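Every value quoted in this text rests on a predicted model; they were computed, and no experiment measured them. The sequence lines fix the lettering, A, B, ..., with proteins before strands; numbering per chain opens at 1. Reckoned from all heavy atoms, side chains included, excluding hydrogens, waters and symmetry mates.
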Amino acid sequence: MRMSKLVGRRIKEDPKDSKTISHKYLIRGGYVRPVSAGIYSILPLGKLIIDKIEQIIREEMASIEGQEVLLPVVLPADLWKESGRYESVGAELLRFEDRNGKAMLLGMTHEEAVVHLVRSEVSSYKQLPVMLYQLQTKYRDEARPRGGLIRAREFTMKDAYSFHTSQECLEEYYMDAHAAYERIFKRVGMNNVVSIEADSGMMGGKISHEFMAISEFGEDTIFISPDGSYRANREVATSSIKFEKSEELPLNKVHTPGHKTIEEVASFLNKQPENTGKAVFYVDGEQNLIFAMIRGDFEVNESKLQKIAIAYELNFADDDAIRKAGCEPGYASPLNIDPEKVKIIVDRSVAESSNLIVGANEADYHYENFNFDRDMPEGVTVADIATVRAGDPCPLTGEPLLMERGIEVGNIFQLGTKYSEAMNCAYLDENGKSQIMIMGCYGIGVGRSMASVIEQSYDNWGPIWPITIAPYHVQLCALNRNKEGVAEAADKLYEEFLAEKVEVLYDDRGEKAGFTFNDADLIGIPFRVIMSPKTLAESKVELKRRGERDALMVDLDQVVPELQKLIAEEFNKYE
RNA sequence: CGGAGCGUAGCUCAGUCUGGUUUAGAGCGCUGCGUUCGGGACGCAGAGGUCGGAGGUUCGAAUCCUCUCGCUCCGACCA
């Protein structure tokens, strides 16, 4: 490709308001352009990278016997009503009507569509297991897109769905898919991706893993043990923290005028936050009040609480709702509370500690020496609803947990029969008996992966693309092309590259050296060949790697074979 | 969906508070000519704008008021 014709200009200044490295460089390098909030056009350089990522994914899906399909983007609402998700998924599902007034939607994930296909095409155990996947545009009407391609509304996703006759078969395949994912991220050039235990959210099912590209701009918080054996999303992470009981002291009501927060009460009574119990009120989707009780030095983990409370939705309760249940905001207490009116869930940090300071359910009063076993009314649930903190002991090793940020680039789920049962996706077994299929699903964000590679591979001048997904392998720069036969020699070398099928981007614009090099850095191609009157006088060219300052002088007639060798070596690093 | 900010040339922005020397500007980018030529050169000449949109106030609105649309950031949410 000749750069004089390449669409997608490089931009000298950072786009305003962009925070993440990948967002800046994807815009500045001419890879993508914003069209609307969270909606992007992919330009030629970006498309080449995307295609290469997709090709790697296709090869690895083939290695686990995936069959590529293409399901519709626009789906009838009826299909999603079958699974129940038309109602259960929120506003991020874009719903609309067609000209006949029929309810339609834009697919944000394709369990329903693939089940629709499989239930009519697959009817025998002999056809199972089977996996179908696609690379397709998804649309999610995100409340707040951010970070360029890291959270877009329209994006390309590889989504795969497997169907099995048994849980064992699913689990075995799940491990194969997990291994394929590790190969994909390695080959794509993300050098720091970890798979972690995750919450399955709206997808349903029990076991799921997220593949996290470690990055300071990641939206998720994850906890990892120092030896790497334990890795979990904050939403589900647990710790083996121990609580100590001491001799129970008598309950004592104290006057605490105006002191509502944990910090205020603790310092007023000369105690630490860990000597207090904190009450947090939530309402679920049906406006039922939930009273969560946790030790003052912990935060409630809403993902855990949501699961334990079996609530579709959780919001902080307002003061009116709290008063209606007979509680005093700021001084709420597990004592004197009616378990009939409120669902009480107590974290084990409270149940296993002694002599805590808790509210008295009366303005300006607290109790000292609350002891769960002695003082708590009947009918409460004790569970782990705490958010793990950096340094808390790992549940496996007991070592202090490390906290990292990560970008979720992939996600795999053991779905079970959630969709196949609701949508009657069945097959006949050996005995001619109808059985429900067991499903798994496996996603990768393609554009997000491209952005994540930049987050892990860049310098002050631009991205440094791994050879496996670089838009081209070689950039040929001709300096002073109007002098001493440079243009002719560079054109000739370019033709040689093309003839030898070397992927080359040819800067034939005749710009000044600085301009040329800065553009080349923003394009981030792994190898750079520089030709100028100086090098041509010796029948040589300069050969440089992106990100390195030192150049190698190579004879003009040796450039092509030398580069072919270097490119092959470079590819080997990613196998 | 809450909070904050911003919409003026392709991009980054000044001008808005205090309406009138502004005939709407600068830098970068773009076109032409010339000089330069190894890490974003320079001169000259150009093209490019309904100042996000609608309504209002006024002799006069990019500037003041009302409504509206869009974008960004923080939070909530998020397979």
**OP:** Look at all strands and tell whether A:Thr20 reaches a base, only sugar-phosphate, or nothing, counting heavy atoms closer than 4.0 Å.
**Re:** nothing
Original post:
Contact class for A:Tyr442 (heavy atom, under 4.0 Å): base, sugar-phosphate, or nothing?
Top reply: nothing
Subject >> Touch class at under 4.0 angstrom, heavy-atom based, for A:Ser36 against every strand present >> reply: sugar-phosphate
Original post:
When the nearest nucleotide of RNA chain B is assigned to A:Gly510 and to A:Arg448 on a heavy-atom basis, which residue is associated with the more 5' position?
Top reply: A:Gly510
Original post:
When only distance counts, do a donor and an acceptor, one from the side chain of A:Asn480 and one from the base of B:rG38, lie under 3.5 Å apart?
Top reply: no
Original post:
The side chain of A:Asn518 lies closest to which of these nucleotides: B:rG40, B:rU12, B:rC77?
Top reply: B:rG40
Please list, for nucleotides 30-35 of chain B, all pairs of protein and nucleotide N/O atoms separated by less than 3.5 Å.
none

Original post:
So, do A:Tyr442 and A:His178 have ring centers that fall under 6.0 Å from each other?
Top reply: no
Subject >> A:Ser41 side, atom OG; A:Lys47 side, atom NZ - distance, nearest 0.5 Å >> reply: 13.0 Å
Subject >> B:rG43: pairing nucleotide in any strand, Watson-Crick or G-U under 3.5 angstrom >> reply: B:rC33
Original post:
A:Lys483 has a side chain; which of B:rG39, B:rC37, B:rC11 sits nearest to it?
Top reply: B:rC37
**OP:** Hunt down the Watson-Crick or G-U wobble partner of B:rC1, both distances under 3.5 Å, from any strand shown, or write none.
**Re:** B:rG75
Original post:
For A:Met553, does the CE atom sit with more than 12 other heavy atoms under 6.0 Å from it, leaving out its own atoms?
Top reply: yes
**OP:** Could you check whether A:Lys138 gets within reach of a base, just the sugar-phosphate, or nothing at all, counting any heavy atom under 4.0 Å?
**Re:** nothing
Subject >> Base B:rG38 to side chain A:Glu542, donor-acceptor N/O within 3.5 Å cut-off >> reply: yes
**OP:** Looking at every strand, decide which applies to A:Ala37 at a 4.0 Å heavy-atom threshold: base, sugar-phosphate, or nothing.
**Re:** sugar-phosphate
Original post:
If we take the C1' atom in both B:rG3 and B:rG46, what is their distance in whole Å?
Top reply: 47 Å
Original post:
Between B:rA76, B:rG38, B:rG39, which nucleotide gets closest to the side-chain atoms of A:Ser532?
Top reply: B:rG38
Subject >> Whole-Å gap separating P (B:rC77) and CZ (A:Arg144) >> reply: 13 Å
Subject >> Flag for A:Glu210-A:Asn233: side-chain donor and acceptor within less than 3.5 Å >> reply: yes
Original post:
Quick one: do the A:Asp508 and A:Tyr494 side chains pair a donor with an acceptor below 3.5 Å?
Top reply: no
Subject >> Spacing between A:Glu219 atom CD and B:rC73 atom P, to the nearest angstrom >> reply: 11 Å
Original post:
Which value, in whole Å, describes the distance between the P atoms of nucleotides B:rG75 and B:rC64?
Top reply: 31 Å
Original post:
Rounded to whole angstroms, how far apart are CG on A:Asn301 and P on B:rA76?
Top reply: 13 Å
**OP:** Classify the side chain of A:Arg151 versus the base of B:rC78 as yes if they form a donor-acceptor pair under 3.5 Å and no if they do not.
**Re:** yes
Original post:
If you measure from the Lys or Arg side-chain nitrogens to the Asp or Glu carboxylate oxygens, is any gap between A:Asp14 and A:Arg28 under 4.0 Å?
Top reply: yes
Subject >> Separation of B:rG38 C1' from A:Glu484 CD (nearest whole Å) >> reply: 14 Å
**OP:** Mind jotting down which residue pairs meet the salt bridge (Lys or Arg N to Asp or Glu O under 4.0 Å) criterion with at least one end in residues 530-544 of chain A? Sequence neighbours excluded, please.
**Re:** A:Lys540-A:Asp555
Original post:
Rounded to whole angstrom units, what separation is found between the NZ atom of A:Lys19 and the C1' atom of B:rA4?
Top reply: 12 Å
Subject >> From B:rG38, B:rG40, B:rC11, nucleotide with atom closest to A:Leu479 side chain >> reply: B:rG38
Subject >> Distance between C1' atoms of B:rU12 and B:rG19 (Å, rounded) >> reply: 27 Å
**OP:** Please state the P separation for the pair B:rG43 and B:rA26 - nearest whole angstrom.
**Re:** 14 Å
Original post:
Do A:Asp159 and A:Tyr161 get their side chains close enough for a donor-acceptor pair, meaning under 3.5 Å?
Top reply: yes
Original post:
NA contact type, A:Leu93, heavy-atom cut-off 4.0 Å: base, sugar-phosphate, or nothing?
Top reply: nothing
Original post:
Which whole-number value in Å describes the distance from A:Arg234 CZ to B:rC77 P?
Top reply: 10 Å
**OP:** Name the nucleic acid region contacted by A:Asp519, choosing base, sugar-phosphate or nothing; use a 4.0 angstrom heavy-atom cut-off, strictly under.
**Re:** base
Subject >> Rounded distance in Å between the P positions of B:rG20 and B:rC73 >> reply: 34 Å
Original post:
Do A:Glu219 and A:Arg405 meet the salt-bridge criterion of a basic N to acidic O distance under 4.0 Å?
Top reply: no
Original post:
Using the C1' atom in both, what is the distance from B:rA61 to B:rU8, to the nearest Å?
Top reply: 14 Å
Original post:
Considering only side-chain heavy atoms of A:Ala513, which listed nucleotide, B:rA76, B:rC71, B:rG38, is closest?
Top reply: B:rG38
**OP:** Please state the P separation for the pair B:rG48 and B:rC42 - nearest whole angstrom.
**Re:** 25 Å
Subject >> Integer-rounded Å distance: B:rC28 C1' and A:Arg28 CZ >> reply: 12 Å
Original post:
side chain to side chain contact (heavy atoms under 4.5 Å, CB included) with A:Lys304: which of A:Asp347, A:Thr238, A:Val236, A:Ile345?
Top reply: A:Thr238
Subject >> Nearest-angstrom distance, C1' atom, B:rU58 to B:rU63 >> reply: 13 Å
**OP:** Using a 4.0 Å heavy-atom cut-off across all strands, classify A:Glu302 as base, sugar-phosphate, or nothing.
**Re:** sugar-phosphate
**OP:** Please tell me which of A:Arg509 and A:Asn482 maps to the more 5' nucleotide of RNA chain B, matching each residue to the nucleotide holding its nearest heavy atom.
**Re:** A:Asn482
